[in-house]
Structure formats: structure tokens, C-alpha cells
Number of protein chains: 6
Amino acid sequence: MKAAAPQRFATLAEVTYDPLVRAALAEDLGLGGDLTSEATIPAGRTASGAFVARMPGVLAGLEVALRAFRLLDAGAEFTFGAREGERVAPGQVLAKIRCDARAMLGAERTALNLLCHLSGIATETARYVAAAGKTDCRVAETRKTLPGLRALQKYAVRVGGGSNHRFRLDDAVLIKDNHIALAGGIRAALGAARARVGHLVKLEIEVDTLDQLAEVLAFEGGVDCVLLDNFSLDLLREAVRRIAGRATVEASGGITLANVAAIAACGVDVISVGALTHSVTALDIGLDIGPPDRDWSVP
Amino acid sequence: MKAAAPQRFATLAEVTYDPLVRAALAEDLGLGGDLTSEATIPAGRTASGAFVARMPGVLAGLEVALRAFRLLDAGAEFTFGAREGERVAPGQVLAKIRCDARAMLGAERTALNLLCHLSGIATETARYVAAAGKTDCRVAETRKTLPGLRALQKYAVRVGGGSNHRFRLDDAVLIKDNHIALAGGIRAALGAARARVGHLVKLEIEVDTLDQLAEVLAFEGGVDCVLLDNFSLDLLREAVRRIAGRATVEASGGITLANVAAIAACGVDVISVGALTHSVTALDIGLDIGPPDRDWSVP
Amino acid sequence: MKAAAPQRFATLAEVTYDPLVRAALAEDLGLGGDLTSEATIPAGRTASGAFVARMPGVLAGLEVALRAFRLLDAGAEFTFGAREGERVAPGQVLAKIRCDARAMLGAERTALNLLCHLSGIATETARYVAAAGKTDCRVAETRKTLPGLRALQKYAVRVGGGSNHRFRLDDAVLIKDNHIALAGGIRAALGAARARVGHLVKLEIEVDTLDQLAEVLAFEGGVDCVLLDNFSLDLLREAVRRIAGRATVEASGGITLANVAAIAACGVDVISVGALTHSVTALDIGLDIGPPDRDWSVP
Amino acid sequence: MKAAAPQRFATLAEVTYDPLVRAALAEDLGLGGDLTSEATIPAGRTASGAFVARMPGVLAGLEVALRAFRLLDAGAEFTFGAREGERVAPGQVLAKIRCDARAMLGAERTALNLLCHLSGIATETARYVAAAGKTDCRVAETRKTLPGLRALQKYAVRVGGGSNHRFRLDDAVLIKDNHIALAGGIRAALGAARARVGHLVKLEIEVDTLDQLAEVLAFEGGVDCVLLDNFSLDLLREAVRRIAGRATVEASGGITLANVAAIAACGVDVISVGALTHSVTALDIGLDIGPPDRDWSVP
Amino acid sequence: MKAAAPQRFATLAEVTYDPLVRAALAEDLGLGGDLTSEATIPAGRTASGAFVARMPGVLAGLEVALRAFRLLDAGAEFTFGAREGERVAPGQVLAKIRCDARAMLGAERTALNLLCHLSGIATETARYVAAAGKTDCRVAETRKTLPGLRALQKYAVRVGGGSNHRFRLDDAVLIKDNHIALAGGIRAALGAARARVGHLVKLEIEVDTLDQLAEVLAFEGGVDCVLLDNFSLDLLREAVRRIAGRATVEASGGITLANVAAIAACGVDVISVGALTHSVTALDIGLDIGPPDRDWSVP
Amino acid sequence: MKAAAPQRFATLAEVTYDPLVRAALAEDLGLGGDLTSEATIPAGRTASGAFVARMPGVLAGLEVALRAFRLLDAGAEFTFGAREGERVAPGQVLAKIRCDARAMLGAERTALNLLCHLSGIATETARYVAAAGKTDCRVAETRKTLPGLRALQKYAVRVGGGSNHRFRLDDAVLIKDNHIALAGGIRAALGAARARVGHLVKLEIEVDTLDQLAEVLAFEGGVDCVLLDNFSLDLLREAVRRIAGRATVEASGGITLANVAAIAACGVDVISVGALTHSVTALDIGLDIGPPDRDWSVP
């Protein structure tokens with residue numbers, strides 16, 4: 001493993017995630033700072049450390065996590081041992097860090113909190129993608145994200161091989177049952193939406209029955225996507241048959257690793273899974289710390 | 001269920017959590033706002049809604065979640081159907097909301113993301129507390145929290161019957177292996193810490209062996225707490241015996257619902273569980289929405 | 001004109017525009033406040049005022065502008081004399097305000113700066129929409145907006161009868177010449193984009209020639225929109241014919257009030273006009289101020 | 001054209017304008033970033049580009065605009081081809097940029113939005129200054145600026161050869177008709193203002209008639225400036241004669257390129273023009289992008 | 001003492017000082033809130049309290065201080081017992097507060113920190129003003145303020161009867177020795193400043209000798225103010241004689257309560273005292289707290 | 001004095017204090033910037049400067065203060081002439097700075113306001129520590145700090161040899177008379193606090209009489225600290241005797257340089273002094289500025 005320039009994130013600019021990392025550091029350091037490290041570590045000492053996977057999984061968020069060290073020590077140096085999206089094995093060194101020892105300890109928890117959470121998301125996403133099998137069907141997260149973390153969570157889903165649902169309420173229309181009720185029916189809702197939104201906004205509608213689907217398909221303005229919520233496999237297949245390529249088909253509701261393959265096999269284009277972001281199990285990654293000259297490449 | 005004044009949170013002032021709720025709304029609304037609701041819901045329409053539990057669990061975060069509605073409609077009205085920390089049953093109405101229909105839909109996801117996450121933490125904490133049994137042993141979270149959510153996550157742990165570990169790096173000393181190595185030994189680390197910190201800061205040290213524990217107990221300045229990391233049950237019991245009330249005893253490492261009772265029975269004072277906040281399963285709560293005059297009390 | 005409840009904005013929630021109005025007030029008041037009003041106006045005096053149109057135009061931004069008064073005097077009272085999107089005539093009273101006299105003067109410029117700018121955008125948009133004639137062709141703004149004002153500017157375009165282009169770089173794909181060059185051609189660029197983005201993101205590509213258009217139309221993945229940049233009328237018609245409904249057609253480049261009708265008549269779906277937001281002429285609106293009991297309804 | 005150290009702005013420190021550029025980038029990138037560039041441009045590719053004037057005008061805001069590239073790529077390199085305040089010709093290369101290709105595309109619109117707006121202001125200001133002729137009379141903007149952009153807009157006015165009016169309500173007194181009415185007359189207003197403000201705050205008063213002017217000149221405390229609002233040329237000359245150097249004389253109201261020379265010839269010291277900042281026509285400047293080794297010096 | 005509407009501050013709008021009070025509360029509450037009050041005070045309890053002067057002094061900052069209570073309890077009620085700028089006596093009740101008991105205790109320190117600091121400034125300013133005697137000479141603070149508190153500190157100076165120096169570096173010119181040296185002399189510095197700044201910006205220059213003063217007075221463009229730094233009484237008188245009303249005269253350097261009268265008697269217009277804001281002795285004010293029905297009017 | 005790497009602060013990370021220094025600069029520069037320096041100092045000129053002590057004292061805040069220069073000129077270079085906590089003599093050069101001349105003048109006041117305030121606190125703290133004599137008794141500040149400056153003020157107390165009291169309301173419990181009254185007595189308050197707070201939070205209680213002390217000592221749960229408020233020397237000694245090492249003993253109320261030794265001699269562990277932070281006298285430090293090649297080491 002040799003030193004390498006930082007990988008550039010697929011989407012995330014440092015200008016985007018930097019405020020979040022700063023805020024996370026401030027949340028952990030408080031205004032008083034790291035009492036323990038300040039008291040016990042002589043000033044000016046250098047340390048080296050290594051992020052080491054403790055479980056198998058898919059790596060996500062390494063650059064974001066490393067940012068925490070650089071914010072406490074502008075001279076922190078990194079060597080990458082794994083790439084975003086790589087499947088890592090227990091004991092594998094993911095990155096090596098060399099920086100001020102107090103900065104190492106002061107940033108440790110912030111960095112790990114980000115790294116383990118995002119890698120947990122990527123890992124679970126990859127499980128769903130693998131389970132869905134060799135189809136064109138995509139696995140997507142939902143808006144059931146944790147406050148303040150949406151951009152990073154969606155990034156981790158992509159790293160894990162998933163696809164992103166809409167980012168927020170202003171970039172796509174998704175008409176649900178309550179909208180339909182308040183608008184006065186499917187036709188009225190679709191018409192109002194078509195009239196309101198610009199030509200670069202997609203229009204999706206959720207249906208619960210084949211009757212509703214029929215109403216949607218009868219709408220002359222067309223829809224871009226149809227969301228089939230909690231449909232049985234039989235109904236999914238029938239709905240896909242009826243839609244016949246006239247709209248992207250999304251399935252949601254009650255998706256598990258056990259049933260995702262069967263649902264994908266129904267011919268839907270996207271399967272959305274709220275748990276990818278609302279119920280995340282962190283991937284266990286640790287930070288081993290040692291003297292500046294330690295050779296981390298041999299675990 | 002009758003209308004009631006909002007319950008005041010135990011610790012959280014609105015001035016504290018309001019910025020987080022605003023930021024969460026902004027993250028979801030974007031600058032363009034809720035396209036769907038604006039297009040499909042006539043302006044000025046009022047709606048009523050009810051948070052309804054879909055799973056059994058412990059409620060946490062209701063007031064924080066309701067704040068989202070009031071930020072979009074200052075005239076939003078609430079009726080509480082359950083109290084923070086209450087065990088709720090599937091189908092139970094947790095709170096009723098009456099507000100502008102667009103505000104209802106626009107705040108729905110933000111509110112649920114907060115409520116389901118916090119209730120998930122409280123629910124899991126309560127499981128650990130129950131599993132620990134009728135001892136004085138406390139269950140605490142760690143600093144393995146999600147960036148930006150620490151205060152709320154710790155609040156939810158308390159609501160679930162748990163106890164809080166330190167809030168951040170500036171309010172207590174916790175000396176770990178790396179600090180010891182860098183300070184030049186346990187005695188040096190403890191001495192440095194005692195000298196640095198004020199009289200209202202507690203001093204805890206993590207030990208991995210009974211030999212290290214002996215060194216700690218030999219330190220004339222005393223320590224407030226000892227953290228026994230990954231000790232076997234036998235070693236835990238022996239350590240508790242040797243500490244003999246001279247310090248609070250915390251156990252951590254590999255704690256599960258299966259072994260928490262046995263560990264508590266060893267006589268430790270606190271058991272800390274990282275998963276309470278780093279690997280949260282959301283509690284399933286939904287928002288049912290209907291016409292302004294709907295009677296939600298009969299599910 | 002009788003008192004009325006505030007109109008709710010189509011899209012904008014107060015939680016969204018409030019920070020901008022606060023920042024604008026702070027920019028004008030400085031930390032020292034309105035020296036002139038404080039010196040010359042006795043404390044506690046009440047004043048009434050009226051926004052009066054000095055030119056004909058289309059009103060936009062009234063609620064945002066009025067927010068400035070309420071931020072300086074929480075008890076400010078408003079009566080609306082015109083609605084968002086209404087064509088107003090010189091001398092027409094748009095809204096009446098009754099509040100603390102110092103607050104009236106202190107908020108005046110901030111309110112007018114917002115109101116005149118947004119109404120200027122709505123007015124010019126309405127001119128383009130009218131010029132485009134009775135077709136289904138929409139007039140849209142571009143991302144050539146002023147820093148910090150995009151959401152409000154886009155709102156004003158809608159109020160003026162226009163349609164919104166994408167909000168920012170993350171909610172739709174628009175492949176331009178430089179992307180094509182860097183990707184290695186149209187086909188490569190389209191393929192990469194289809195693979196990257198989620199199912200709710202639209203895909204648009206800009207072409208400069210009919211040959212490029214042919215390449216786009218040959219792409220098996222399809223595109224949602226084609227942007228015809230600086231096409232002559234003949235080429236526009238030919239391009240529309242070839243696209244034949246397989247994609248939304250947008251025309252841009254050199255659009256003026258003089259040629260917009262001819263371009264619309266070519267059958268394009270959207271015409272985008274950068275000048276709507278990058279070169280705005282403010283609509284002249286004034287704030288007349290008088291004693292609390294003045295009857296503003298008779299100008 | 002050879003590489004040169006960045007010109008330092010006359011007044012603006014990077015610490016001042018950096019937050020605005022960050023916010024503008026965030027407004028355009030959203031949390032999801034530049035989908036198009038990420039999908040179509042391979043990571044790690046370098047590009048070169050050149051700001052090229054498409055119209056003749058006065059350059060303003062180059063350093064602010066370039067900041068956008070550096071915020072996305074800390075290693076971005078710039079070569080200046082023109083100086084702030086320089087009259088530029090169509091086709092002239094204003095600056096060359098070499099940076100990461102995704103950063104080039106991601107920052108392009110933000111940079112141009114700033115540059116074209118500020119250069120538009122400088123250009124129009126220069127027109128007024130030239131039209132005013134070879135007098136000592138200054139051309140100044142007003143507080144009719146766009147929210148959030150006041151400091152930059154005022155900077156551009158100076159770059160265009162204009163002079164700045166007060167920055168905000170707390171740095172100078174300007175008594176207008178409503179203040180006079182509420183204070184109980186000119187004499188009362190002037191007395192109150194003199195008593196309130198510190199010795200480094202100038203005192204200006206607006207008058208509409210020669211009678212009001214007489215009252216002002218009779219005030220024993222003196223005034224620093226008199227604003228003659230909507231005076232005819234004859235009245236302007238008479239007012240200047242009566243003031244006789246006892247105060248700075250400002251003319252405002254209905255100023256156009258057609259009448260500014262005549263007004264300046266009346267002997268006033270300052271002419272203030274709201275349209276300089278409230279109704280800006282952007283200067284057309286483009287960003288040409290090409291391979292890293294392209295020689296931009298030959299257009 | 002009867003209930004009264006809040007006095008409106010002379011200059012400060014709530015929109016200006018509210019962020020500072022929020023930040024001060026957040027600094028004291030942390031994210032965890034007031035542990036002590038939450039533990040010991042039953043939820044929902046109401047308390048009453050009174051700000052009571054413990055020393056004689058001049059009151060300043062009452063409304064700002066009270067804001068802290070309202071931010072924790074929107075229903076907090078206040079009754080004023082003294083006015084801003086009033087000389088208060090030990091034992092005097094300055095204001096009564098009735099609010100939630102936890103809010104009372106949680107806001108207490110934040111409120112007192114503001115109130116005691118600002119009243120300390122007003123009190124010391126009033127001492128200087130009194131010591132200066134019955135002249136027209138004003139006492140002003142300088143820019144030697146505490147970071148973040150400048151607006152409030154300057155407000156307190158005014159409340160104490162003082163006058164404000166410039167607010168910051170952008171609202172007036174003050175040429176000092178280093179500027180003169182770098183500009184190449186007094187004449188060059190004055191010429192450059194006149195050319196640069198707008199017509200509403202005053203121009204002051206600091207001189208150390210009568211020779212320098214002569215150079216200043218010879219400058220044909222004139223200056224608005226001359227700052228005589230560390231002049232002896234004799235030199236002050238001579239300088240005032242030579243200036244002869246052609247500029248405002250400010251004296252600074254080594255001003256004390258003992259010599260301020262003598263300096264004022266020299267005929268200077270303004271005496272500036274850095275210690276008013278850089279070395280503040282807090283006025284001792286306490287918050288007495290009791291049951292909701294306590295009658296605070298009888299101490 | 002030779003160039004040296006910046007001393008690292010004991011506790012403060014740049015990421016913590018940087019926002020405060022930025023805000024302080026913005027407060028002083030305004031949006032218009034330093035008019036005087038811009039007008040009088042040619043662009044691109046370099047200057048050198050030296051912080052020079054004008055009074056004897058204890059240095060604190062040098063790195064924070066120097067940050068102001070680097071924020072205006074990223075290339076600013078520093079040489080340290082004294083260390084944090086060093087006793088400095090009048091005329092001593094504390095640090096040398098070499099940077100852009102406009103940046104030097106523009107940052108001067110911000111830097112000095114921080115440096116003089118913090119050094120003033122360290123100096124006064126050192127006086128109290130010296131006066132307390134060679135005991136183990138610590139001198140601590142209180143929460144009577146200035147809004148926004150708490151972290152820096154507490155840092156300065158440590159630099160001066162003092163010890164920190166709690167940082168805010170969420171990191172330690174301190175039960176005072178009002179808490180006792182509202183809780184229903186000492187025993188109830190202590191019991192409630194023990195039950196509420198985590199194992200890393202210390203518990204202190206304030207007592208006014210020996211009777212109250214007896215109640216505290218009878219509480220089976222124990223307390224960590226007892227605060228003896230306004231006790232006479234005799235009572236202090238008696239209280240220390242009765243506490244007998246079972247709790248840390250803090251004395252407060254009416255502490256002066258004259259009585260601190262006598263109080264320390266009573267055997268208390270901590271003496272807290274509000275004036276250390278609420279009534280600070282700035283240490284007089286100046287910034288001498290000269291040409292880039294000036295040799296500052298010989299004053």
C-alpha cells in the first residue's frame with residue numbers, strides 16, 4: 001500500500017460536507033475541548049493511526065471522516081488502503097493517518113461516527129442489491145433519513161450500489177393518498193401537478209390498487225413513474241404488465257432481504273427501502289493508534 | 001383523550017432543538033418547497049392528523065417532532081395522547097394535530113424522521129434496562145452518536161430509562177489506552193489529568209487487566225470511575241471486589257441483551273452500550289391524515 | 001378594499017424566506033440601527049403606510065416584503081389591496097400597513113428592495129408569456145440568477161406566468177458541449193448520465209446542430225428533454241419535426257420579446273430566457289406613509 | 001499576457017466575500033452536487049478555461065468570481081488578463097483558469113452570475129460618470145440594492161468610477177419627508193439628529209422646495225449635506241447658489257443618462273442614481289472551456 | 001410600580017440583539033440543558049423574580065436581559081421598575097419577572113451577565129460625563145470593545161449619557177500615524193482619503209504635534225475632525241485655538257476621571273475613553289426568586 | 001528571539017476559536033471594509049509589526065489574536081517572543097508579525113481587543129493565585145462570564161494559573177438556594193439530582209449555614225463538592241473540619257485580593273472569584289508597526 005492522492009468523491013464537494021464535519025467536531029469537543037488528551041498527551045507529539053475494519057462490509061465515507069483530522073491538524077497526512085465502495089475484510093487497513101497526537105485522539109470519535117454509519121449504509125445497500133439479483137431493477141433509499149445527514153446517507157447508498165430516490169420535496173412530485181384525497185381525485189391531482197411544475201421535474205404517483213392504476217394510466221398527460229405500494233407479487237406482475245413501459249415502476253412497502261429478489265423478478269424498475277437509512281447498523285471499524293513510525297501495513 | 005398543554009421536556013428547551021428542526025425542514029423542503037402539496041392541495045385548506053404507533057415501543061421526541069408542524073403553520077394545534085417515556089401499543093394515537101393541510105404534508109416526513117428515530121432509541125434502551133433486571137446498575141449510551149443528533153439521542157436514552165454518559169470531550173476525563181501510552185503510563189496520565197481539570201470534572205480511566213486496575217487503585221489522587229473494558233464475568237466480579245466502592249464501576253464492550261443481566265449481576269454500577277445510538281432501529285410510527293373534523297380517538 | 005387574511009404563497013414557506021428577510025434587514029440596519037428614525041421619531045408612535053404602484057406591472061413578493069415590518073414590530077397589521085400575480089395600475093394601493101413608526105421607516109427600504117425586484121421579474125415574465133401568444137409553449141428562467149435570491153426569483157417567474165427550469169445542479173441533468181467533449185461524445189455522455197442518476201431525475205441535453213440531434217435521438221436510453229441552442233427558426237421547426245414528441249423541446253439563446261412568438265410558433269415546448277433573472281428592471285413601487293388614521297383607500 | 005499575483009481588491013477582504021460565494025455555490029450545487037458533471041466527466045481530469053468578454057464594458061468582480069473555483073478545487077490556478085475597472089472589448093480574455101474539470105463546470109454558473117452582475121453595474125456606472133462630464137460632480141448609488149449583495153454592488157459602483165452613498169441606516173443620518181413630519185418640522189428633526197449622533201456621523205436632509213431649504217440653512221447647528229429631490233435645473237442652480245458651499249449638495253430623482261450632464265452642470269456635488277443597483281443589466285461574459293493545454297491568449 | 005408595556009430601546013431592535021441572547025443562552029445551557037433545575041424543580045412550576053440593584057448605578061440593558069427569559073418561556077411576563085438610563089439605588093427593584101421556574105433559573109445567569117455588564121458601562125460613562133462638567137464636550141467610547149459585544153456596549157455608553165465614536169472601520173475615516181507613514185505624509189493621506197470615500201463619510205486625522213496639526217489645517221480639502229492624542233492641557237488649548245472651529249476636536253490618551261474636567265475645559269468637543277468598554281466593572285445586580293405570588297414591590 | 005513554530009494552545013483548537021475571530025473581524029470591518037487603510041496604504045505593501053507589552057502582566061491569547069492577521073492575509077508570518085502564561089515586562093516584544101500592510105492595520109484592533117482582554121484575565125488570576133499563597137487551594141472563575149467569550153475567558157484563567165469551574169449548566173450540578181426551595185429541601189434536591197444525572201457528572205451544593213451543611217453531610221448518597229457561600233473565616237474553618245475530606249470544599253462570596261490568603265488558609269480546596277471574568281481590566285499591549293525590514297528585537 002503506497003501513498004496516494006485522495007480519491008475524489010463521486011458527488012460530494014468538500015465545500016458541501018465540511019460544515020457538517022465542523023459541526024460534528026464542535027458537538028464532540030464542546031467549547032472546552034478534549035480535556036483528556038490535553039492533560040495526558042504532551043503538546044507537539046506526532047502519532048500514526050490506521051482505520052481497520054473489524055467486520056466485512058462495504059467502505060463509504062472515508063474522505064469525509066478523514067476531514068475531521070485535517071480540521072484539527074492542517075498538516076495531517078493520509079494514505080489510502082481501500083477505495084470507496086470496496087468490499088473490505090476484517091483486519092484490513094482502510095487508511096493510515098499521521099498527525100498531531102492530540103488531534104488524532106480529538107477527532108477519532110467524530111471520524112468513526114461518520115465512517116461506521118456511512119459504511120453501514122453502503123454495506124446494507126450492497127446486500128439488497130446482491131439479493132435483488134442480476135436484473136436491471138434498482139434499489140433506492142427513501143426520504144426516511146436522519147436529520148442533517150441526508151446528503152451523506154444518499155451518497156452512501158450510491159456507494160453501496162444503490163440508486164437515489166428524490167432528494168427532497170422540491171425536486172420531484174410524488175403524489176400520495178392524502179394528496180389525492182385533498183385534490184379531489186387522481187385525475188385532478190395529476191392535472192394540477194402537470195400544470196404547476198417545470199419541464200425538468202418528474203411526476204410520480206402512488207397507487208394502492210389496480211383500479212387506481214387504471215385511472216393513472218388513463219390520464220392523458222402521462223406520468224413518469226408509478227409507485228406500487230404494498231402490492232402482492234401477483235398484483236405487481238399484473239401492474240407491470242398493464243403499465244407496459246409507459247412509466248417507470250417503483251415497488252415499496254415491506255421490502256426485506258428475503259423478498260427483494262421475488263419483487264425484482266416481477267419486472268419493476270426500482271425497489272425503495274426505507275430501512276436503508278432509517279434503521280442503520282453501523283459497520284464496525286476501529287482506529288488503531290501508535291507511535292509515528294509504526295508500520296501499519298502489516299496488521 | 002382530551003386536549004392538554006404540551007408536556008415540557010425534561011431537559012430540552014425549545015431554544016435548543018428549534019435550530020435542528022428548522023434545519024431538518026430546510027433539508028427536506030429545499031428552497032423550492034413541497035411541489036406536490038402546493039400543486040395538489042388548495043391553499044387555505046385545514047387538515048387533521050394523528051401520529052399512530054404501528055409497533056409497540058417507548059415514545060420519545062413527540063414535542064420535537066410536533067415543532068415541525070408549528071414552524072410551517074404557527075397556528076398548528078396539538079392534543080397529546082401519550083406521554084414521553086410511555087409504552088405505546090400498535091394503533092395507539094400518540095398525538096393529534098390540526099393545521100394547514102399543506103403544512104401537514106410538508107412537515108410530515110421531518111416530524112416522523114425525528115419521532116421514529118428517537119422512539120427507536122428509547123425503545124431499545126428500555127429493553128436493555130429491563131434485561132439488566134432489578135439492580136441499581138444503570139444502562140448508558142456512549143459518544144458513538146450520529147453527527148448533529150447527540151443531544152436528542154441522549155435525551156431519548158434517558159426517556160427510555162437509561163442514564164447518560166459524558167456529553168462530549170470537555171465535560172469529563174476518560175483516559176484510554178492511547179492516552180496511557182502517550183502519557184507514559186497510568187500513574188503519569190492520572191496525575192496529569194488531576195492537575196489539569198477543575199473540581200467539577202470527573203476522572204474515569206479504562207483498564208484492560210487486573211494489573212492495570214491495581215495501578216489505578218494505587219494512585220493516591222483517586223479516580224471517580226473505572227471502566228472495565230471487555231472483562232469476563234469472573235474478572236468483572238473480581239474487579240468490583242477489589243474496587244470495593246472506591247470508584248464507580250462501568251463495564252463496556254460486547255454488551256448484548258443476552259448478557260446484560262449477567263454483567264449487571266457482577267455488581268458494576270454502569271453498563272455502556274454503543275449500539276443504543278450508533279445502530280438504531282426506528283420505531284414504526286405513522287401519520288394518518290384526514291379531514292379537519294375527523295375523530296381520531298377511535299382508531 | 002377590506003382587511004383580509006394574508007394570502008399564502010404558492011410555494012414559499014415563511015420558514016424558507018424568513019432568514020433572507022432577516023439578513024436583508026441586518027444588512028441595512030447594521031448593528032447600530034436606524035439612526036435617523038431613532039433620532040427624529042418619538043418612541044411609541046404608530047404610523048400607517050401604503051405600498052402604491054407607480055408603474056403598471058405584475059405584483060410579486062408582497063408577503064415576503066411585509067415580513068420585514070413584522071420582524072421589527074411583531075404587532076404590525078396588514079391589509080391586502082392586490083393579490084400576487086395581479087396586474088396593478090399606477091396609483092393602486094397594494095397593501096396597507098399599520099405599525100410602529102420607527103419600524104415602518106426602518107423596514108421600508110428592505111421591503112421595497114424585495115418587492116420592486118420581484119415584481120420587476122414577474123412583470124417582465126408576463127410580457128414574454130403574452131408575447132409568446134396562445135400556445136402551450138412555456139417561458140422559463142435559467143440558472144442565471146443573483147446569488148442568494150434564486151428561490152425568490154424563481155417564485156416571481158411563476159407568479160408572472162412563467163415556468164421554472166431546474167432549481168440547481170442536483171435536481172436534473174443538463175448535458176452541454178463541455179460535458180460532451182469531456183465524456184467523449186454524446187452517446188458516452190448520455191449513457192453515463194442514465195447510469196448515474198435516480199429514476200426521478202430528468203435528463204436533458206443541449207445540441208447545436210441537427211447532426212448532434214440525430215445522435216441524441218439514436219440513443220436507445222432516450223432523453224427527457226432536448227435543448228436547441230441558438231437554432232434558426234427553420235432549424236427549430238425541423239428539429240421539432242424530427243423529435244416528434246419523443247422529448248420535451250426547449251429553445252434558448254438570443255430570445256427577445258420580438259422573436260419569442262416566432263420561436264413559440266415553431267412548436268417548441270419551453271423557451272428559456274436568462275434575462276428574466278439576470279437583468280431585472282425593478283418595478284417602481286413606493287411606500288406612502290402617514291398618520292395612523294389616514295384612509296389610504298382613496299389615493 | 002503572463003501569470004500574475006492576484007490583484008487585491010480595493011476594499012473587499014476575502015474574509016468578507018467568502019461566505020457569500022460559499023452560499024452561492026451551495027445554492028447552485030444543492031446537497032446532491034453537480035449530477036451532470038459527476039456523471040459525464042471522469043474523476044481527476046484537469047481543464048483550462050477563460051473568461052471572455054462578449055460585449056464591451058467595465059470589468060468588476062473578477063477575484064470574487066474566481067473564488068468559486070478555488071472553493072471547489074483548492075489547487076485552481078489563475079492568470080489575469082484584465083484588471084478591475086478596465087474597459088474590456090468583446091473577445092478579450094479576462095482571466096484564465098486551470099483546475100479540476102468537474103470543479104470548472106460546477107463553479108461556472110456561480111462565478112458568471114457574480115461577474116456579469118458586478119461588471120454590469122460597473123459598466124453602467126461608468127456610463128453615468130462619462131455622461132456627467134469633466135466636473136467634480138460624483139455619481140453615487142443609493143440603498144436600492146439587492147438583498148445580500150449590497151457590499152459587492154457598492155464595490156462595483158466604485159470600480160466603475162462612482163462614489164458610494166451611505167452603507168446602511170447606521171452610518172449616516174438622512175432625514176426625509178416622513179421623518180420631518182413625525183419629528184414636527186425641519187428644525188426639530190435636525191436638532192434631534194444633531195443631539196443623537198456621534199461626531200463621526202454626517203447629517204443629510206432631503207428637501208423638496210426652496211422654502212424647506214431656507215429652513216435648513218437657518219438651522220444653527222448646520223448640516224453636512226442637502227439632498228435636492230426632483231428639483232428642476234433652474235431650482236437646482238438656485239439651490240446651489242443659496243447653499244453657497246455650506247453643505248455638500250446632492251441631487252436625486254429622475255436621473256437618466258440624458259440629463260445627468262445638465263444636472264452636474266448645475267454645480268451639485270453628488271448625483272445619486274437608484275437604477276445603478278436596482279435595475280442592473282448583466283454584462284455578457286462567457287467561460288470558454290477546453291483541454292488543459294489550450295492556449296487561450298489567442299482567442 | 002405597575003405593569004407597563006416594554007420600553008422600546010432607543011436604537012436596538014429585537015431582530016438585532018436576539019441572536020446574541022440566543023447564543024449566550026446556548027453557551028450556558030450547552031446541548032444538555034440545565035441539569036440542576038431539571039432535576040430539582042418539578043415541571044410546570046411557576047416562579048416570580050425581581051432584578052434588584054445591589055449597588056448604586058445607571059441601568060442599561062434591561063430589555064436585552066429580559067429577552068433571555070422569554071426565549072426559554074414564551075409566556076414570561078415582565079413589569080418594569082426602572083427605565084434605561086435611570087440612576088438606581090441599592091435594593092431598588094428594576095424589573096419583576098413571572099415565568100416557568102425552570103426557565104427562570106436557566107436564564108438567570110445569561111440575563112445577569114448581560115445586565116450587569118451593560119449597566120457597568122452606563123454607570124462608568126455617567127461618571128465621566130458628570131466629571132466632564134457642564135460643558136458641550138461629549139464623552140465617547142472607542143473601538144476597544146469586546147468581540148461580539150460592540151453594539152450593546154455602544155448602546156450602554158449612550159444610555160450612560162455618552163456619545164458614540166465610529167462603529168467600525170467602514171463608516172468613518174480615522175487616519176493614524178501608521179497610515180500617514182505608509183501614505184507618505186499627512187497631505188498625501190488626506191488627499192487619498194478624500195478621493196476614496198463617499199460624501200457621507202467623515203474624515204478624522206490623529207495628530208501628535210502642533211506641527212502636524214499645521215499640516216492638517218493647511219490641507220485645502222479640509223477635515224471633519226482632528227484627534228489630539230496625548231496632548232498636554234496647554235497644547236490642547238493651543239490646538240483648539242488654532243483649529244478655531246474649522247473641525248471637530250477630539251482628545252484622547254490617558255483620560256481619567258481626575259483629568260477629564262480639565263481636558264473638557266480646554267474647549268475640545270469630544271473626549272474618547274477606551275476604558276469605558278475595554279475595562280468594565282460590572283454593576284452588581286441580583287435576581288431574587290420566590291413563589292409566584294410574592295410581592296416584590298416591598299423589598 | 002528566533003522564529004518558532006506556533007505554540008499549540010493547551011485546549012483550544014483553531015476550529016473552535018476561528019469562528020469567533022472571524023465574527024470579531026466582521027464586526028469591526030463591516031461590509032465596507034477598512035476605508036482608511038484602503039485609501040491611504042498602497043495595495044501590495046508589506047509591513048512588519050510587534051506586539052509590545054506596555055504594562056507588566058501575564059500573557060494570554062496570543063495565538064487567537066494572531067489568527068486575525070492570517071484571516072486577512074493567509075501569508076502572514078509570526079515570530080513568538082513570549083509564551084502563553086509568561087510574565088511579561090513593559091517594552092517586551094511578545095510577537096512579531098509580517099504581513100500585508102492593509103491586513104496589519106485592518107486586523108490590529110480585533111487582535112488587540114482579544115489579546116488585552118485575555119491577558120488582563122490571566123494577569124488578575126495570577127494575582128489571586130499568588131495572593132492565595134503556597135497552598136493546594138485553587139482559584140477558579142465562575143459562570144459570570146461575558147456572552148460569547150466564555151471559552152476564551154476560561155482558557156485565560158487557566159493560563160493565569162487558575163482552575164476552571166463548570167463550563168455551563170449541562171456539565172455539573174450546582175444546587176443553590178432557589179433549587180432547594182423549589183425541590184422542597186436539601187434532601188429532596190440531592191436525591192433528585194443523584195437520580196437524574198449520569199455517573200460522570202459531579203454534584204455540588206451551596207450552603208449558607210452549618211445547619212444546612214449538616215443536612216448535606218447526612219445525605220447518604222454523598223456529594224462531590226460543597227460550596228460555602230459568604231462564610232466567615234471561623235465558619236469556614238469549622239465547615240472544613242466537619243466535612244473532613246468527604247467532599248471538595250469551595251468558598252465563594254466577597255473574595256478579594258486582601259482576604260484570599262486568609263480564606264485559603266482555612267483549608268478550602270477551591271476559591272471562586274466572579275470578578276476574574278465579569279470585571280476585567282485589560283492589560284495594556286500595543287502593536288508597533290513599521291517597515292518590513294525593521295528589527296523589532298531591540299525595542
Exercise for the section: For B:Ala195 and F:Arg138, work out which heavy atoms get closest and say how close. Expected result: O-NH2, 3.6 Å
Completion exercise
In short, F:Ser163 meets B:Gly198 closest at the heavy-atom pair OG-CA, 3.5 Å
Practice task
Let me know if B:Ala151 has heavy atoms under 4.5 Å from chain F in its side chain, its backbone, both or neither.
Solution key: neither
Fill in the blank from the handout: Turns out that what part of B:Arg166 lies under 4.5 Å from chain F's heavy atoms comes down to both
Handout entry: Residue that, paired with B:Asp171, satisfies side-chain contact (heavy atoms from CB on, under 4.5 Å) out of F:Asp171, F:Leu200, F:Val201
Key = F:Asp171
Problem - Spacing of B:Arg168 atom CZ and F:Asp170 atom CG [to the nearest 0.5 Å] - result: 4.0 Å
Exercise for the section: Inspect the surroundings of CZ in F:Arg246 and state if more than 12 heavy atoms from other residues, nucleotides or ligands are less than 6.0 Å away. Expected result: yes
Exercise for the section: Flag the one option from B:Thr248, B:Leu203, B:Asp224, B:Val270 with the top tally of heavy-atom pairs under 4.5 Å to chain F. Expected result: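 Going by pairs under 4.5 Å, I would pick B:Val270.
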Completion exercise
Per-residue tally against chain F (heavy atom, under 4.5 Å) across B:Glu204, B:Lys202, B:His165 peaks at B:Lys202
